[in-house]
Structures are given as C-alpha cells and as structure tokens.
> 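The structure that follows is given in the form of structure tokens.
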Amino acid sequence: MKELVRELVRKSLEQAYAKGELASGQFPAVVVETPAHAEHGDFASNVAMQLAKLEKKSPRVVAEILVQHLAAADTFDKVEIAGPGFINFYLKGALWRQALGEIDRVGAEYGKSRIGNGEKVQVEFVSANPTGPLHIGHGRGAAIGDSLCRLLDATGWDVSREFYYNDAGQQIANLARSVQARCLGIEPDDPSWPADGYQGEYIKDLARCYLAGETADAGDQHVTAARDAHDLEAIRHFAVAYLRREQDQDLEAFDVRFDVYYLESSLYADGRVAEVVKRLMDNGHTYEQDGALWLRTTAFGDDKDRVMRKADGSYTYFVPDIAYHLTKWERGFIRVINEQGADHHSTITRVRAGLQALDLGIPQGWPEYVLHQMVTVMRGGEEVKISKRAGSYVTLRDLIDEVGRDATRFFFVMRKPDSQLVFDIDLAKQQTLDNPVYYVQYAHARICSIFENAREKGLVPANLASVPLDRLETTEEMLLIKALASFPEVVEGSALNFEPHRITNYLQELAGLFHSFYNKNRVVTEEPALTAARLFLLKCVAQTVRNGLAMLGIAAPERM
RNA sequence: GCGCCUGUAGCUCAGUUGGAUAGAGCAACGGACUUCUAAUCCGUAGGUCAGAGGUUCGAAUCCUCUCUGGCGCGCCA
C-alpha cells in the first residue's frame, strides 16, 4: 500500500520534471510514512520539503506542483497539502478493504516475503557452556535467537540454527574437578574444595548419577558413568554429556531447536585449531613474549594484543573461536549472526580481528552480532540475585515450569535486545489483563468463540466473492483493516533490524484494536450481509494474530 | 581510566530510521455486562524526552561535551 503511494509520487516527480516545472532533475529517495495522527491522512510524504532547497521554491509551492501531476483519482479520496509542506494522502476505503482478500487468500503465508532471496544465513545462539543448567540469560538468548530465525525464515532467508558447545578448556576442567570433589564427599567450604569449583546443587546430583553408573544421552554422545571417583577424565566425559542432556531437555521444553551442534573439542580433534595458529604465524601477525604466543590484534582495531597460546602450552578460548568462525565462512555462510549476552561483547573485536589476520578476504564487519543486555529477575517485588558459583539462580526450566512457555517467550522478546530486561515473575504468572501475552492470546480465543457462536447459528464463513466488504465502514473496522495491512511491513522491519519486539508491540496494538471493535460492534447480527463482512474481517484478524505469534514461537489458543 | 549499552509520565516501556500536537500498559480516579468470553472496553489525570551546546525548514531521534545506571576490560569462556 505504502509502495503504491511511493510509486505514484515518483511518477508525479517525473511528470513535473518532464514539463519543466521542476528544474533540478535530482529526486531524493521518496519517503512515505504513516503519520502519527489520523487527521494527517493514511500516508504522508515530505518530498516537497526535501526538494524545496534544490528547487529554490517554498515547500508548499513544490507540493502544489506535485499534487497537480498526481494521476491517481481512483486511488485517493483526498490529497492535501498541510503544515510546512507535507502531502497527505487519504486512500479510498475500497483499496484498504482489498487487503483483506489478500490475507484470506494467502492465509498462514500472510506477512511473509521474499526479501531474503533464499540466501543462506546462519544464526548462532544460546551456545551455553556445558557447565550448568541454562539460566535466565540463556533464556533471553534462546527466545530472541529463535524468534530471529523465525523472522528471517519468514522474510525469505535460508536459515541454519547453530549451537556451539564450549566442551573444552579450563572451565570444563573445573567442572570435572568439582564433580570429583562431590564424589569424594568434599563440601564447598572444605579447604580441599577446588579453586573456582562449581558449587551448585546440580553438581551433587551429577556426582550421584556418576557414582550410580547412569548413562547420559545427548546428541550423538552416549556416556555411561565409570563410577570411579579417581578417573578425572571419565568424570569429565560423563559430566559434559549429562549437562548437555539437561540443556537439550530445557531447550526442547522451550520449543527451541537447532540444526547444528558444533563441538569446540572437535576443532582440536580435527586439527583446525593448529591450522589456524599456523596460518596466523605464517601471516606474521604473531609474536612471542613472556613464554606465550600473542596475536597482534591491535593491528585490527583491538585495544590490546591477545594471548593465543599460554605459557603452559594450551590455547586461550579465542583461538578455537577463530577456528570455529572460519568453519562458518568455509561452510558458505555469507551472513552469520551471533546472538549473545552483552557481557561477552569484548569477543566481537577479537574474533573479527582474528579472522582479518587470516588474510582470507573475510569482510571486516563479519560476522554480525545481536547482543542482549542483562536480565534482572523480580519476585515478590525483590530482585533475585544470580550467582552461578554459589549455585543460587533462576534457571530457564524454573521459569517455564512456573510461568509457562508462551509467557516466558513473550516476556523475553518484548523489549528490544539493547535494553536491560526486568523479568517480573509475578506479572508473567498473572492470568489477567496486566499480562500482555494473555491480552493477545485472548483476542484470538475470543474470535474463535465468536466463530463458534456463528456456527451454532448455521453461519459459515463465506467466500470472498460473496462477502460485501463495503459494509465494513465503522472507525473501528477501518482501523483494524489498516493495522492488518501494515503487518508485512512490520515483519520486514523486525527482521531487517533484528528486533523481534516489534512483533510483540504490533500484536498488542492489533489485539487492542480488536477488543475495542468487539465492545462497540456486534458481529453476529440480524443482517446477513453485515454479519458475513464482519466474520470475514475477524477471520483475517485471527489469521494475522496467529501468524505473528508463530513468528515468536507462541501458541494461539482457540479457547482460554 | 578505556570500550559497549542505557536514560522518555509515579512504575514498566513504545516511538515507523530526522517530521506535524511525544504514545501504550500498569498504578490513581470516574464510568460500561438481560447482548458473540468483563481475561474486555470507554473516559479523566499524568512530560523541561537526564543536562548543555551544535547541525537544519524541522531533533526524543544525528554530532560534541557533562552526568546517571548496567556490562566488559584475564596467559577464564
């Protein structure tokens, strides 16, 4: 719809220029937007103001010229010049109503587009270390990352979801020692408790399962516990598989799935880490100092150089990180998006610097990042402190169990990733009007209930051809139709900007418009034509709500 | 100290990429069910967009500085 107006303005510019009424011949990109106030029309353009300087004419004069050349009598009810030089467009109602036919025709596809052109894009998200259960921060990452994937998929990208397991390195050694300590009956306050050990209760459970000889199945790993408290390697192996299984189960409960699980350990096993180190050295970007091998990341925008290989001979985490991202490049992902917590933002510069130092023609800004800020959990008006070490924190599983999957997902994506999120458990649990997710779902359920009522009266939704759409003319109906028509644009903006919260905002607005409509207008009336038209409108509203919720991985219940 | 993010109504937050009179929800107050779900709706009140400069026809939005809060600055990941 907006594109239609844009095109007409563009033509009008060309006309005016052809007739010599515009001198410059330089046209700015035509901006058409939806004004904040309805009295400024359905759409407005500021081209006249942008052109005024070039043309050395007042904006209103330029606007006059453009309006004269606007060949669109059958498109607009009214076109007027307002304020400093805006051109306001009032579309014919019939044109708006046509959008309903489109929604009905494409159904579940409504809102989707092809702007991604089938290009491959990889989204890496969650990527939690297998050292403990998923906590609330991972939850936000999972919800945002998964919604992002759904949005990119909806806009025509070929999406691959990836989870990177840091199953090697220092912290896994800490994990193994912590479990071993528990196996030996050592408590965290004991002097022989390992430094930097993980103190959580789950370590105790893990130790018990290990000693009991249980089997942990995760992905293609099937590890049976060796039961020997002195076999640190066996403990490590079991602990990683055990915690991975726990995480997989949590993610499944959250309805988040991945296409690829990539193991850090495999980068060592297949020699990729060694290869990367060699290449970086051959390229002359490294040097030795204090017994360690350094990468000159300052040559690529970092504020200090980074150690690659420690004095003890092992690699720091960011070497496998570079090797890992190199595999993404080699796997043909021109676009890669990493969704992470903002506390890891310093890795961005490092990973990009490392990739640049490989001299393989990888673009400077590759990969892209979406960082989400920290989550604060409130319960009973008080902040719940999160401390992994002490083992006291709210897990993702706790949340799903307590407030439900749908509310959890909605709450996690309803703020833009850039802002910190206050997760109010009490609010999310409330099944009342305060809770935005119920507000939206209720709109859907309510429409379904109206259909139920209509069916009981023998009314079935009619075909578009036989529905007198021109009977839809009240303010509430027109507002609903216009909101429905803007959905594809919202989806596009949401996907292109990596901002799923635009969808939650849109859905709350749409639900609000529906509830207003419902309270003022009766759907099932004595008048068959009007009833048919309104049922058709609501069919489109329900479809759009369903489509929007689907992009967030949230259910649209028919009954509540 | 340096880097990233943030600051909008009492609270939680939007704000269509620079547009016209800054919007929702909650909380407060006042209304609406013999009617398809009142888990809803309607109305009232609430603002120096952290502050100061700058850019221009036009700034919550862009630039500079100051201040607030969060995160990060390891031979941890």
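Reminder, nothing fancy here: chain letters follow the sequence lines and each chain counts from 1.
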> Indicate, yes or no, whether a donor-acceptor pair under 3.5 Å links the base of B:G19 to the side chain of A:Asn46.
yes
> Distance check, C1' atoms only: B:U40 and B:G3, in whole angstrom units.
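Per the computed distance, 48 Å lies between those C1' atoms.
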> Any side-chain N or O of A:Tyr439 less than 4.0 Å from the OP1 or OP2 oxygen of B:C41?
yes
> Look at all strands and tell whether A:Gln171 reaches a base, only sugar-phosphate, or nothing, counting heavy atoms closer than 4.0 Å.
sugar-phosphate
> Is the phosphate of B:C71 approached by A:His372 (side-chain N or O, under 4.0 Å from OP1 or OP2)?
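Checking A:His372 against B:C71: no side-chain N or O falls below 4.0 Å of OP1 or OP2.
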> Could you tell me how far apart A:Met49 (CE) and B:A59 (C1') are, to the nearest whole angstrom?
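The answer, rounded to whole Å, is 13 Å.
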> May I ask you to evaluate whether A:Lys304 reaches the phosphate of B:G3, defined as a side-chain N or O under 4.0 Å from OP1 or OP2?
no
> At less than 4.0 Å, is any side-chain N or O atom of A:Lys520 found next to OP1 or OP2 of B:C41? Yes or no.
no
> Among A:Leu538, A:Val524, A:Leu459, which residue meets the side chain to side chain contact (heavy atoms under 4.5 Å, CB included) test with A:Phe451?
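Among A:Leu538, A:Val524, A:Leu459, the one that satisfies the side chain to side chain contact (heavy atoms under 4.5 Å, CB included) with A:Phe451 is A:Leu538.
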> Do A:Ser113 and A:Thr155 have side-chain atoms, one donor and one acceptor, less than 3.5 Å apart?
no
> Look at the side-chain N and O atoms of A:Thr349 and state whether any lies under 4.0 Å from the OP1 or OP2 oxygen of B:C4.
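Checking A:Thr349 against B:C4: no side-chain N or O falls below 4.0 Å of OP1 or OP2.
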> When you check the phosphate oxygens OP1 and OP2 of B:C75, does a side-chain N or O of A:Ser314 lie under 4.0 Å from one of them?
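The answer is no; no side-chain N or O of A:Ser314 sits under 4.0 Å from OP1 or OP2.
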> Considering just the side-chain nitrogens and oxygens of A:Lys310, establish if one lies under 4.0 Å of OP1 or OP2 belonging to B:C76.
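Looking at the OP1 and OP2 atoms of B:C76, one of them is under 4.0 Å from a side-chain N or O of A:Lys310.
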> Which part of the nucleic acid, if any, lies within reach of A:Asp290 when heavy atoms closer than 4.0 Å are counted: base, sugar-phosphate only, or nothing?
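Counting heavy atoms under 4.0 Å across all strands, the contact made by A:Asp290 includes a base.
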> Rounded to whole angstrom, note down the P distance from B:A22 over to B:C29.
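Taking atom P in both B:A22 and B:C29, they lie 28 Å apart.
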> Any N or O donor-acceptor pair under 3.5 Å from the base of B:G72 to the side chain of A:His344?
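No such pair is found, so the answer is no.
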> Regarding B:A20, can its base be found pairing with the side chain of A:Asn88 as donor and acceptor, where the two atoms are less than 3.5 Å apart?
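Present.
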> Side chains of residues 38-47 of chain A: which donor-acceptor pairs under 3.5 Å do they make with residues two or more places apart or in other chains?
residue : atom : partner  : partner atom : Å
A:Asp42 : OD1  : A:Lys482 : NZ           : 2.7
A:Asp42 : OD2  : A:Leu91  : N            : 2.8
A:Asp42 : OD2  : A:Trp96  : NE1          : 3.2
A:Ser45 : OG   : A:Val31  : O            : 2.9
A:Ser45 : OG   : A:Val47  : N            : 3.3

> Within the structure shown, what part of the strands sits under 4.0 Å from A:Ala454 by heavy-atom distance: base, sugar-phosphate, or nothing?
nothing
> On a whole-Å scale, what distance lies between the P atoms belonging to B:A27 and B:C42?
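Looking at atom P only, B:A27 and B:C42 are 15 Å apart.
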> For A:Glu492, report the nucleic acid contact type (base, sugar-phosphate, nothing); a contact means any heavy atom under 4.0 Å.
nothing
> When the C1' atoms of B:A45 and B:G25 are compared, how many Å lie between them, rounded to an integer?
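Straight-line distance between the two C1' atoms is 16 Å.
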> Taking any heavy-atom pair under 4.0 Å as a contact, classify A:Arg502: base, sugar-phosphate, or nothing.
base
> Base, sugar-phosphate alone, or nothing: which one does A:Arg559 contact when heavy atoms must sit under 4.0 Å apart?
base
> Using a heavy-atom cut-off of under 4.0 Å over every strand shown, decide if A:Ser449 touches base, sugar-phosphate, or nothing.
base
> Whether A:Tyr518 contacts B:A38 is assessed here as follows: a side-chain N or O lying under 4.0 Å from the phosphate OP1 or OP2. Is that the case?
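For A:Tyr518, the contact criterion (side-chain N or O under 4.0 Å from OP1 or OP2 of B:A38) is met.
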